[in-house]
There are 2 protein chains.
Amino acid sequence: MGDGRTRFSRRGLLLGGAAAGAGAAGGALAHRWAAEPAPAPGVPALNGTLTVPFHGARQAGVETPPQAHGTFVALDLEPRTGPDGVRRLMRLLSDDAARMSRGEPALADTEPELAEVPARLTTTFGFGRGLVERVDAAAVPDWLRPLPDFDHDRLDPAWGEADLLLQVCADDPVTVSHAVRMMLKDTRSFARVRWTQTGFRRAHGSQAGGTTMRNLMGQVDGTVNPAPGTGDFDRLVWGGGGPGWMEGGTSLVLRRIATHLDAWDELDRPAREAVIGRRMDNGAPLTGTEEHDEADLEATDGSGLAVIADFAHIRRARTDDPDQRIFRRGYNYDHRDSGGQDAGLLFASYQADPLRQFVPLQRRLDELDLLNEWVTAVGSAVFAVPPGCEEGGYVGQALFGG
Amino acid sequence: MGDGRTRFSRRGLLLGGAAAGAGAAGGALAHRWAAEPAPAPGVPALNGTLTVPFHGARQAGVETPPQAHGTFVALDLEPRTGPDGVRRLMRLLSDDAARMSRGEPALADTEPELAEVPARLTTTFGFGRGLVERVDAAAVPDWLRPLPDFDHDRLDPAWGEADLLLQVCADDPVTVSHAVRMMLKDTRSFARVRWTQTGFRRAHGSQAGGTTMRNLMGQVDGTVNPAPGTGDFDRLVWGGGGPGWMEGGTSLVLRRIATHLDAWDELDRPAREAVIGRRMDNGAPLTGTEEHDEADLEATDGSGLAVIADFAHIRRARTDDPDQRIFRRGYNYDHRDSGGQDAGLLFASYQADPLRQFVPLQRRLDELDLLNEWVTAVGSAVFAVPPGCEEGGYVGQALFGG
């Protein structure tokens, strides 16, 4: 489906039209807008009006081209919340998410005007082991548990496993903030927030679509991602690695990876390129010239040394097993306080089965990847991402026998 | 000047062209872009290429239409940093800011590719009392000191006065993060970070230019702002309220205002409108129909009560003295952790003289403004914003005798 999910809402078009009028009358501040090319008839002028449908066979927010802003909120169910409570919670949240994805307020929205800019808002729900067990212990996918230990991890339980995940993404940070607030109101009787992680990528329209993101270390990050809409992608992400209720779903591995930028600064450019195995300027493998060139792991230099070293990140990440690949959809994070910078990557990967796909890859990186000197996983959680739902339904419905 | 500062960089155009090519070849992910209207010749397709000149008689980032993202970083000079050190620091930072505003890397940039998306990047420098005293004690403007006490303030020194402020704004969050990191590297020998505050507004292109922002309480916020480019604005903001080196400069009052959203939720819509004195839907005063209608403070309802109550925010904020106005350019902030939401407004106001303009207004709000029940200032700092500089110069030059 990929970008096929992007639609223009009726509300969005109406708003776009009204806003264009306001702009024309808006005086000095508006004139840059007036100088921009007039949109073609039927095409909205404003990014904020773009919508991604909530309803469908698969949840939005996976194949959706990554929005600029993403907030991941993890909740733990209250002890008193039984299977019926979970079902009611998912009904409420699915309704909220569907409405807000259209640029409409949630039912109990106290600031409905803040919902008027959908900006490709998606909400993607993930179920932790605790939630599935509470509903039906026999329905837990075998991979829905903490990842095995990795030597380089320094995991803080503050960013650990939880019962329910909300991945809320949009191109507008106000939209994300408001949507999260509205949905969390509806969770209050059922669950409590365990952690929140907020990240960002390039703004909508900063760069051409399809540009691979750079992380805060400056690396082109995610070149080998399978492309939504391909058979590869369908097998790797939607391939089905769980019980029946997960048919059409996938899994999310979310790891908080701290990057030690001050230490990274001490490396010069050739050293950085050797660590990664790619050029910093365009992300090409050191044996190639373009980002998407296939790396030649056999190539040697004049002295007979491997051009892409044994310790290089891309050599360690690479596999000959076409089924060991994952789909990455991460966000940068950057917090500062008087104590210095706390920055890194909210590494989010989707795959049909984390044990068969993510774990072998991470095992190779853990064993020998020089990049481990500059990055450390400090949080890790695994979620089952159920299939999508149709209008009137709710996410996770099949788990409840409905 | 207002929007007149916005220009398209040559680099930006080149990048725009190259990126358009990459988009066309970018496969499935790119096709939404291809469906957008082709830009007119000479007009860049990408927001990320837009630039705001750093050099000029006035610093950028004041009249500049607010970018989507803003980070305010406050530093304290090291005890060993003398006048000459401050001068060298401002030379370095001015050079960094000028280069990055054009989409070029700073001289010592370790991730130069992250600088390639200027996205209207501006860096605005503010001097605290400590910095000016260190250079020339006789040159301190009389208003460059902490604001007088207000009864409702609950100030945390963690967000208090500091020697040097960097206000870094752009439409792209990666650009802001990278620019802050690069400049802070250059400050390391001279100063240490005291605090960092990061905020956001609607994304570039989410809404029509000239739309007044809404804060996270849902209020239309900033309706009565003077408009850049008008005589009013020049008098109120650039009017000159300091010593000679500040000619062409202004002052910044930055207050961190926490909003108690959970308590605000308990108010219904009519109650909220009574507290503010404006309609929630379009920001019109309760005596009018459109946002920019003049409030009628004499109007009474059928029972003889004031339509805009005594305690209403807009009545308290209003003045008949045309010189007591300020120019607001704030950002929302929203942090969450397991302890709940920490959200509010980074209230940033520019005015020629904070004692004559900001203080009387805040005094009236402090005395009687029902909104004080739901908002609390937890941080406050005042900075002198020197005039801009020309190519080859640096911000604050006149303070150092040229």
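So that the names make sense, note that chain A is the first sequence line, chain B the second, and so on, each numbered from 1. Note: hydrogens, waters and symmetry copies are ignored here, and every other heavy atom, side chains too, is used.
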- [ ] Count the heavy-atom pairs under 4.5 Å between each of A/Arg272, A/Arg214, A/Arg202, A/Met213 and chain B, then report the option with the highest count.
- [x] A/Arg202
Open item on the list: Are the side chains of B/Met280 and A/Pro112 in contact, using a 4.5 Å heavy-atom criterion?
Closed with: no
Open item on the list: If we ignore hydrogens and angles and just use 3.5 Å, is the side chain of A/Thr187 paired with the main-chain N or O of A/Leu184 as donor and acceptor?
Closed with: yes
- [ ] Please check if any side-chain donor atom of A/Asp172 sits under 3.5 Å from a side-chain acceptor atom of B/Ser206, or the reverse.
- [x] yes
Task: Contact leader toward chain B among A/Asn332, A/Leu267, A/Leu261, where contacts are heavy-atom pairs under 4.5 Å - done: A/Leu261
Open item on the list: I'd like to know which of A/Ala343, A/Ala68, A/Gly218, A/Ala203 tops the heavy-atom pair count under 4.5 Å against chain B.
Closed with: A/Ala203
Task: Check ion pair A/Asp109-A/Lys185 (N to O, under 4.0 angstrom) - done: no
TODO: With a 4.5 Å cut-off on heavy-atom pairs, point out which of A/His69, A/Arg201, A/Arg181 contacts chain B the most.
DONE: A/Arg181
TODO: Go through A/Leu216, A/Thr71, A/Asp171 and name the one with the most non-hydrogen pairs under 4.5 angstrom from chain B.
DONE: A/Leu216
Task: A/Asp221 with A/Arg278: basic N within carboxylate O range, under 4.0 Å - done: no
Open item on the list: With chain A as the partner, which of B/Arg192, B/Met217, B/His178 has the greatest number of non-hydrogen pairs under 4.5 Å?
Closed with: B/Met217
- [ ] Output all residues satisfying side chain to side chain donor-acceptor pair (under 3.5 Å) with B/Gln219, sequence neighbours left out; order by chain, then residue number.
- [x] B/Asn215
Open item on the list: Quick check: closest heavy atoms across B/Glu291 and B/Thr212, and the distance to 0.1 Å?
Closed with: OE2-OG1, 2.5 Å
Open item on the list: At a heavy-atom distance under 4.5 Å, which candidate from B/Leu75, B/Asp334, B/Val73 has the highest pair count against chain A?
Closed with: B/Asp334
Open item on the list: Is A/Thr110 in contact with chain B via its backbone, its side chain, both, or neither, using a 4.5 Å heavy-atom distance?
Closed with: both
Task: Which atoms of B/Thr230 approach chain A - backbone, side chain, both or neither, heavy atom under 4.5 Å - done: neither
